[in-house]
Amino acid sequence: MTDAKTKIDETNQANDVVLYMKGTKEMPQCGFSSRVAGVLNYMGVDFADVNVLADEALRQGIKDYSDWPTIPQLYVKGEFVGGCDIITEMTLSGELDALFEDNGVTFDKDAANKIREANA
Amino acid sequence: MSRTQEIEERLRAAFQPSELLVRDDSERHRGHAGYQEGGESHYHVVIRSAVFEGKSRIAKHRAVHEALGKTLMAQIHALSLDLGT
């Protein structure tokens with residue numbers, strides 16, 4: 001757990017946006033991870049992807065870290081934002097845009113609006 | 001008692017919901033990771049409850065995780081939650 005925690009701390013400090021997921025952003029291995037990675041990719045967000053399937057200690061470690069039982073998990077500036085349901089809701093409500101803006105994370109606003117138009 | 005019933009009972013007791021839907025989506029995930037014969041692995045849950053008022057999204061989700069308990073949470077492969085805005 002300590003090793004996993006150190007690794008997570010270091011990853012979150014080195015990257016403004018981190019997605020802990022099953023698979024990679026290019027090849028997600030789970031529908032929920034795929035949805036969140038897809039949103040971030042579509043919005044042109046520069047994010048680090050961490051494949052928890054490649055590291056058993058991390059797979060449990062990230063759940064302990066945030067006291068959150070599921071994967072994917074999104075972190076912005078080291079703060080846990082949520083999993084698939086929360087990120088989806090925040091994307092559609094515009095809260096995710098606001099969070100990125102507040103934290104100086106660049107993204108394509110037109111793409112975000114397109115997601116909302118398509119799901120209106 | 002089925003797992004679906006147990007989920008419903010726990011959520012009803014914890015949140016006295018004005019609206020509650022516990023849907024077993026397992027068949028839609030046949031062949032995916034975590035699927036098991038007989039279902040009860042993938043759930044979609046909708047809850048509307050006064051208990052959630054004023055709580056953040058994360059706090060609402062945590063409350064549901066807590067109400068279901070660690071054992072039940074570990075048995076469910078995927079849980080999609082709609083807890084209102």
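Here is how names work: the chains are called A, B, and so on, in the same order as the sequence lines, proteins then strands, and each is numbered from 1. The basis for the numbers below is simple: all heavy atoms, side chains too, and nothing from hydrogens, waters or symmetry mates. Since this is a predicted model, take the numbers as computed values, not measurements.
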In this structure, are over 12 heavy atoms from other groups packed under 6.0 Å from [X] atom [atom1]?
X: A:Lys114; atom1: NZ; value: no
X: A:Asp46; atom1: CG; value: no
X: B:Met1; atom1: CE; value: yes
X: B:Glu66; atom1: CD; value: no
X: A:Lys7; atom1: NZ; value: no

Per-residue contact mode, A:Phe80 against chain B (heavy atom under 4.5 angstrom):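 Contact with chain B: backbone and side chain both.
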
Between atom [atom1] of [X] and atom [atom2] of [Y], what is the distance when rounded to the nearest 0.5 Å?
X: B:His44; Y: A:Asp85; atom1: NE2; atom2: CG; answer: 8.0 Å
X: A:Glu89; Y: B:Leu83; atom1: CD; atom2: CG; answer: 7.0 Å
X: A:Cys84; Y: B:Leu79; atom1: SG; atom2: CG; answer: 11.5 Å
X: B:Arg62; Y: A:Asp67; atom1: CZ; atom2: CG; answer: 5.0 Å

Can you tell which of A:Thr70, A:Ile86, A:Thr88 has the highest number of heavy-atom pairs within less than 4.5 Å of chain B?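 Of the options given, most contacts go to A:Ile86.
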
